[in-house]
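Residues: numbered from 1 along the sequence shown. None of these values were measured; they are calculated from a predicted model.
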Amino acid sequence: MISAQAWADTRRLWDYHQMGHTLRPCSVAIGLGSHDLGVAETAVDLYKRGMAPLLVFTGATSPTTRERMPRGEAVHYRERALELGVSDSAVLVEPRARNTGENIRFSRELLEEAGIAVSSVLLISKPYEERRAYATARKLWPSVEIVSASSPMTLEGYVDSIGNARLVIDMLVGALQRLLIYPAQGFMISQDVPDDVLQAYGRLCHEGFTSRLLVTDQPSA
């Protein structure tokens with residue numbers, strides 16, 4: 001049973017993880033690989049709306065995607081984009097990345113090798129990964145403007161799509177932890193985390209929503 005307080009705390013984290021950027025046309029759209037084909041579908045929607053002339057899909061496989069996406073996350077994303085009517089020439093694939101940092105670094109290298117000038121990136125991720133993706137890209141690719149985007153979903157809609165409320169809360173908690181500890185490790189820029197977000201995070205950790213935490217974490221109260 002998940003308490004009303006836990007749901008309120010979860011909603012606070014959900015809202016914080018989303019950047020709320022106003023979408024605008026960018027040099028390229030980069031879809032970050034994961035278990036969620038919705039990232040590819042959102043990328044296609046934004047492409048068709050004229051928000052980017054080129055799509056890059058990035059991602060290898062992971063323990064959570066190996067069965068569902070045996071050819072690699074980026075390859076499956078590309079296949080979905082082609083099914084939805086995007087031309088092959090408008091899609092590039094980066095098939096090696098195994099974490100968010102590699103997603104950014106390898107995509108940047110791919111575009112540089114292709115001779116594509118990039119001044120802005122429409123960075124598409126899962127809804128609760130917007131801020132993490134943004135902070136990582138700002139660290140590793142500071143010369144471009146980053147516009148964060150994700151599938152337009154409510155927390156309730158996302159929980160329904162995953163089918164496991166506790167897992168979703170664990171993922172939100174884990175994503176927040178990384179925002180707190182990764183800047184010191186050089187993986188992303190530091191961002192202001194409001195006190196109410198830290199308090200919600202601490203309560204959720206105390207309630208045991210910790211399966212996605214790294215062992216180095218010291219939850220904030």
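Shown here for Ala81 and Val91, the closest heavy-atom pair between the two residues is CB-CG2, 4.5 Å.
Within the structure, the side chain to side chain donor-acceptor pair (under 3.5 Å) test picks out the following pairs touching residues 43-55 (sequence neighbours left out): Asp45-Arg49. The salt bridge (Lys or Arg N to Asp or Glu O under 4.0 Å) contacts involving residues 179-189 comprise nothing, where partners must be two or more places apart or lie in separate chains. Under the ring-ring contact (aromatic ring centres under 6.0 Å, His included) criterion, the residue pairs touching residues 9-44 are Trp14-Tyr158, His21-Tyr134, with sequence neighbours excluded. The stretch residues 26-39 participates, sequence neighbours left out, in no salt bridge (Lys or Arg N to Asp or Glu O under 4.0 Å) pair at all. For residues 56-80, every residue pair satisfying the ring-ring contact (aromatic ring centres under 6.0 Å, His included) rule, not counting sequence neighbours, is listed here: Phe57-Tyr77. Judged as a salt bridge (Lys or Arg N to Asp or Glu O under 4.0 Å), not a single pair has a partner in residues 170-183 (not counting sequence neighbours). Applying the ring-ring contact (aromatic ring centres under 6.0 Å, His included) definition to pairs two or more places apart or across chains, those involving residues 173-198 are Tyr182-Phe187. Within the structure, side chain to side chain donor-acceptor pair (under 3.5 Å) pairs that include any residue of residues 141-157 comprise Arg11-Glu156, Arg24-Glu145, Thr42-Ser151, Glu130-Ser150 (at least two apart or interchain).
The closest donor-acceptor contact from the side chain of Ser27 to the backbone of Ser120 lies under 3.5 Å.
Residues passing the ring pair (Phe, Tyr, Trp, His ring centres under 6.0 Å) test with Phe106: none are found, sequence neighbours excluded. By the salt bridge (Lys or Arg N to Asp or Glu O under 4.0 Å) test, Glu102 pairs with no residue at all, sequence neighbours left out. For Arg98, the salt bridge (Lys or Arg N to Asp or Glu O under 4.0 Å) criterion is met by no residue, not counting sequence neighbours.
When each of Val28, Val56, Leu92 is paired with Ile116, the side chain to side chain contact (heavy atoms under 4.5 Å, CB included) condition holds for Leu92 and for no other.
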Give the table of side-chain donor-acceptor pairs shorter than 3.5 Å for residues 107-114, with sequence neighbours excluded, one pair per line with atom names and distance.
from   : atom 1 : to     : atom 2 : distance (Å)
Ser107 : OG     : Asn103 : O      : 2.7
Arg108 : NE     : Glu112 : OE2    : 3.1
Arg108 : NH1    : Leu140 : O      : 2.9

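Looking at heavy atoms from C-beta onward, Leu167 lies in side-chain contact with Arg212 at the 4.5 angstrom threshold.
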